[in-house]
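This report concerns only the one structure given below.
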Amino acid sequence: MSIENAYNVWAEQYDSNENKTRDLDKITAIEILSNYNFENVLELGCGTGKNTKWLLEKAKKIIALDFSQQMLNKAKEKINNNKVTFIKCNLLQPWKVNNEFVDLITSSLMLEHIKDLDFIFKQAYLKLKPSGIFFINELHPFKQYNGSKARYESENGTEVLEVYTHHISEYLITAKNNEFILIEIQEQFDNEDENEIPRLISFVFKKN
Ligand SMILES: C[S@@+](CC[C@H](N)C(=O)[O-])C[C@H]1O[C@@H](n2cnc3c(N)ncnc32)[C@H](O)[C@@H]1O
């Protein structure tokens, strides 16, 4: 099944099924982004709007992009606010957003579905204002090395989505090649237990 269709099916239960990755993303994204000021935000792969909702507390304008119509429908059920524009699009095509329009781009749990990180960093550079921030929260590659993949249960059994592993070095090199500076890197553990493999990796990059 294509990634887009898999999320169209997952949408119905995405907010309610057990999902430690989704829950830890929300906690850590709020924690990290509370230290930054922003007005115009571009959210990549906004899904059901889990993060759009709290980003709205600080943002003046949010453009939230996703290619799954069903995920977007769930987001629109939750959020009816003229500060937010939801757009259905494939992030592997040039983003139809004005250049140098936003001061924050966020990407939570989306890049594991993207093979070509370089394209995403190139688009992000174009859309960010000078010194804008690119925040990434993603399934930690160590988890991926151990076989973790985005998945959900359906009446047809377990649906495992198409994913790509990005090594930490790949994020850092791709960011550097696209004129981003690393501001923060964090590893997020379940129950703050640092003896376990970290679940998430968080990056804050700044447009140079
Ligand atoms: C795991 S969900 C994360 C949703 C949300 N960011 C969150 O943290 O709950 C990944 C989202 O990325 C979207 N996505 C994946 N690949 C995409 C692509 N190429 N273009 C647009 N959206 C994409 C999916 O449709 C899905 O809604």
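All values derive from a computational prediction rather than experimental measurement. Both ligands and their constituent atoms are indexed starting at 1 by order of listing. In this chain, numbering begins with 1 at the start of the sequence shown.
Within the structure, ring-ring contact (aromatic ring centres under 6.0 Å, His included) pairs that include any residue of residues 6-42 comprise Tyr7-Trp10, Tyr7-His113, Trp10-Tyr14, Trp10-Tyr152 (at least two apart or interchain).
Annotation: the span from Gln144 atom CD to Glu138 atom CD amounts to 7.0 Å, rounded to 0.5 Å.
Residues meeting the side chain to side chain contact (heavy atoms under 4.5 Å, CB included) test with Tyr164, sequence neighbours left out: Lys115, Glu162, His166. Annotation: ring pair (Phe, Tyr, Trp, His ring centres under 6.0 Å) contacts of Phe121 (sequence neighbours excluded): Phe134, Phe180, Phe205.
Phe189 and His140 have their aromatic ring centers separated by at least 6.0 angstrom.
Counting only distance, with no hydrogens or angles, the side chain of Gln69 and the backbone of Asn8 share no donor-acceptor pair below 3.5 Å.
Under 4.0 Å from any atom of ligand 1, one finds heavy atoms of residues Tyr7, Tyr14, Asp25, Gly45, Cys46, Gly47, Lys50, Asn51, Asp66, Phe67, Ser68, Met71, Cys89, Asn90, Leu91, Ser108, Leu109, Met110, His113, Ile114.
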